[in-house]
Structure formats: C-alpha cells, structure tokens
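Since the model is a prediction, treat every value here as computed from it, not as a measurement. Nothing fancy with the numbering, it's 1 onward along the sequence.
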Amino acid sequence: MAEPQVPAAQPPASDPGHAREPNHFLRIFSIWLVLAVAADLVIWLVWYRHLPPGRMSTEAHGQQWDIAVMALLGAPVVLGVWTYFGYCLITWRRRPSDEGDGPAMHGHNGIQAAWITVTSVIVLFLFGFGTYELIVPNGAGGGEGPSPIWKPAGNITTTVWTPGSNHTLEVQVIGQQWAFTYRYPQFGGMESTRLMLPVGTPIEFHVTSLDVIHSFWPYLLGVKSDANPGVDNVAFSTVNHTGRFTVRCNELCGIWHGAMFSTDNYVVHPAVFQAWANGLQAREQHDGLLTALPAYARTYNPTVIPQLGKDIVKVAGITGANGYYYPGPQAGVPGNPLSP
C-alpha cells in the first residue's frame, strides 16, 4: 500500500527572514526630493531678496544673484548628504541583538557613473556661469589694474558730465592713513572726503594710494578694490537706488585701520549731485584749494605730498599727520574733513 503524500512545509507568511527588502534608493530619493524642492523654494521666494550685498547697484544685485544661484545649487547637495546619513542612522543602525557583520560591498558601476556625471556637470556649469558673470554684465573692472580687458556696455567717458547724459562719471579714490578722499576730474579735479554719486549713472572708480596698501570697500555698491601706491585700479559700478552707504578700508593699513571708515556717503538724484559738485568746485576755486592740489593724475608721487600738506595748511588751516592731507583720528574719530 502506497504511503500518503505529505506536502512540504511552507514557511509562515509572517517570517521576517523572508520579508521583501524595500527599495532604499527610492526612499532616500523621495525624502531628498521633497526637502530639496522645499529648500529651494524658501531660498528663491523668501531668502533671495534679503541676501547681501543688496540691490543698491547693478554690481551688488549681480553678486546677490550669484549667491542665490550658488545657494540653489548647494542646498540640494547638502540635503542629499544629510538625508543619506540620516536614513543610514535610522535604517541600518546596529540593533542590540545584532552581532553579525554587514554584507560585503564592492564597486557599483551605476553609482560611480552617476557621481562622475553629476559632479562634472555641476563644476562645468559653475565654470561657465562664473566666467559669464565676471565678464558680460559688469565688465572685468573689479580693481584688476589700469586697463580692464572688458568694460560694461555703454561705458562712455567724457570730460564734462551732465545729468541725464548717460555718460560715465569718473571718481578717483585716494587712500591714505587713515581716510579716503575722492577727486572728480570732470569737475576741475575738486576733492571731497564725502563720496557723492548720482543715481542711474555708470561710475568708473580709479583707486590709488598715497602711502601704504588700503582697500576701497563700499559694500552696498558691490565694489572692492585695492588701493596700492603708484597703481591705478579701475572698478565699475552703476548705482540704481538713492540712499546712504558706508565706505570701509578692508586692508590692514596701520594702527588706525579700524577707524578708517565713513558713513557720510550718499547716492542722490543727478540734479542734486550736479548742484553739489558745482558748488564744491566753486568753493575750492575761491579758497585756492584747487591751486594747492596737484594736477589730476591717475597716481601721485608720494614725495610731493609733504609740500602739498604745507600748502593746504596755508590755504585751509588744516594740519595733517605726517604731512599728508588729513590728520589722524582724534579719540577714535577719523580725521577732520577737508571739504563737505
């Protein structure tokens, strides 16, 4: 008599040893995608408009845009790393009863190819984006020397500036211990310790120094240029909004470097600037200051400055530290202005 057939034992459906392994990549990707989209939306819709250095000038707005693009690209990368490590710590952490080793892992061609492709695309994009932003919008005029290869579009300099002409306004920035002064060659070479600029006008800064290395840094204008003795560094800016801004020295230049800043600088309407510049030029001509000042030049010979200091003392009654234009700070206050 044949023995009865006994069916093979089937493992219980609830046996964890036979549970299907979830798609961890899909989980990680889904979590990352939600976080990355949310972060980029917050950056673009909320954070972007408040990013430094603001939008007072075309250059500042361009730098704000550059920072926003970097943030939009960087946030998904950072969140990808955080998401992966967070998922690993939660999903594959060592359990109290787990004494075994994890599975051996070797190379993965798909991951390697994806990593090389994605990182290469990001790096090449940033290379092209950075090159374009340096050259096309504003010109390579961030203080790269006396002859920038690229200039902003419509850069037209004339010997006379008038409101509404769209001509470039030249401003020479002179660094000295421990103040910045500004000369306007289109207004007879008159000089002021207050930087006044007309809104909506292309500005061409010519930055130099009389003694040591300084750094001209009107942060809200998006300009930063070294002031080197005997060197003419050119920088460009087009101010788009009226208001007050601060100029600082951003290069250690001596004991009073920390006091070498001025908050009394303004962007005003062109007609207001014209009236201010004409009035100051007439005043300095009347006082004989324009005669005492050296002829306008891109750089100045430091050996003539002591004599110049003596001449200014005779004309304006202002003494200067080391024979220079302005005295050093008194009780932490920068030197007295030569002119308003």
Side-chain angles (χ1 to χ4, degrees), residues 11-138 140 142 217 219-224 240-241 250:
S14 60
D15 186 354
H18 291 78
R20 183 178 180 183
E21 187 75 9
N23 189 329
H24 296 292
F25 172 79
L26 184 59
R27 284 184 174 183
I28 295 173
F29 179 81
S30 300
I31 297 171
W32 167 81
L33 183 61
V34 172
L35 294 176
V37 171
D40 278 352
L41 287 176
V42 170
I43 291 172
W44 182 255
L45 298 177
V46 179
W47 195 33
Y48 173 32
R49 68 187 68 182
H50 302 292
L51 284 173
R55 303 184 178 185
M56 194 170 196
S57 73
T58 301
E59 288 66 28
H61 194 181
Q63 293 172 21
Q64 185 187 61
W65 161 251
D66 295 342
I67 295 174
V69 171
M70 299 299 179
L72 290 171
L73 292 175
V77 175
V78 173
L79 288 172
V81 174
W82 289 356
T83 301
Y84 175 75
F85 277 103
Y87 188 88
C88 291
L89 291 173
I90 295 173
T91 305
W92 295 308
R93 70 183 186 275
R94 181 181 176 275
R95 312 292 176 178
S97 60
D98 185 5
E99 300 296 337
D101 295 331
M105 298 183 66
H106 301 283
H108 191 289
N109 292 334
I111 293 178
Q112 295 175 23
W115 180 266
I116 293 173
T117 301
V118 172
T119 55
S120 298
V121 169
I122 292 175
V123 170
L124 292 174
F125 169 78
L126 292 177
F127 169 76
F129 175 79
T131 303
Y132 176 87
E133 288 295 297
L134 281 174
I135 296 174
V136 177
N138 308 316
W217 190 34
Y219 176 70
L220 292 179
L221 302 187
V223 174
K224 183 176 179 294
N240 300 319
H241 301 283
N250 201 44

- Note on the structure: Contacts satisfying side-chain hydrogen bond (donor to acceptor under 3.5 Å, both in side chains) that involve residues 23-34 (not counting sequence neighbours) are Glu21-His24, His24-Tyr87, Arg27-Tyr87
- Item | Pairs meeting criterion side-chain hydrogen bond (donor to acceptor under 3.5 Å, both in side chains) with involvement of residues 111-124, two or more places apart | none
- Item | side-chain contact (heavy atoms from CB on, under 4.5 Å) partner of Leu35, chosen from Val78, Thr83, Asp40 | Thr83
- Could you tell me whether Tyr84 atom OH has more than 12 heavy atoms of other residues or ligands within 6.0 Å of it? no
Separation between [atom1] of [X] and [atom2] of [Y], rounded to the nearest 0.5 Å:
{"X": "Ile116", "Y": "Ile111", "atom1": "CD1", "atom2": "CD1", "value": "12.0 Å"}
{"X": "Ile67", "Y": "Leu72", "atom1": "CD1", "atom2": "CG", "value": "12.0 Å"}
{"X": "His241", "Y": "Arg55", "atom1": "NE2", "atom2": "CZ", "value": "8.0 Å"}
{"X": "Leu79", "Y": "Leu33", "atom1": "CG", "atom2": "CG", "value": "11.0 Å"}

- Task: May I ask you to test the Asn250-Lys224 pair for a side-chain heavy-atom distance under 4.5 Å?
- Result: yes
- Message: Using side-chain heavy atoms (C-beta onward) and a distance below 4.5 Å, is Gln63 in contact with Leu51?
- Response: no
Looking at [X] and [Y], what are the two nearest heavy atoms and their distance?
{"X": "Leu73", "Y": "Phe125", "value": "CD1-CE2, 3.6 Å"}
{"X": "Ala75", "Y": "Ile43", "value": "CB-CD1, 3.8 Å"}
{"X": "Met56", "Y": "Leu221", "value": "SD-CD2, 4.2 Å"}

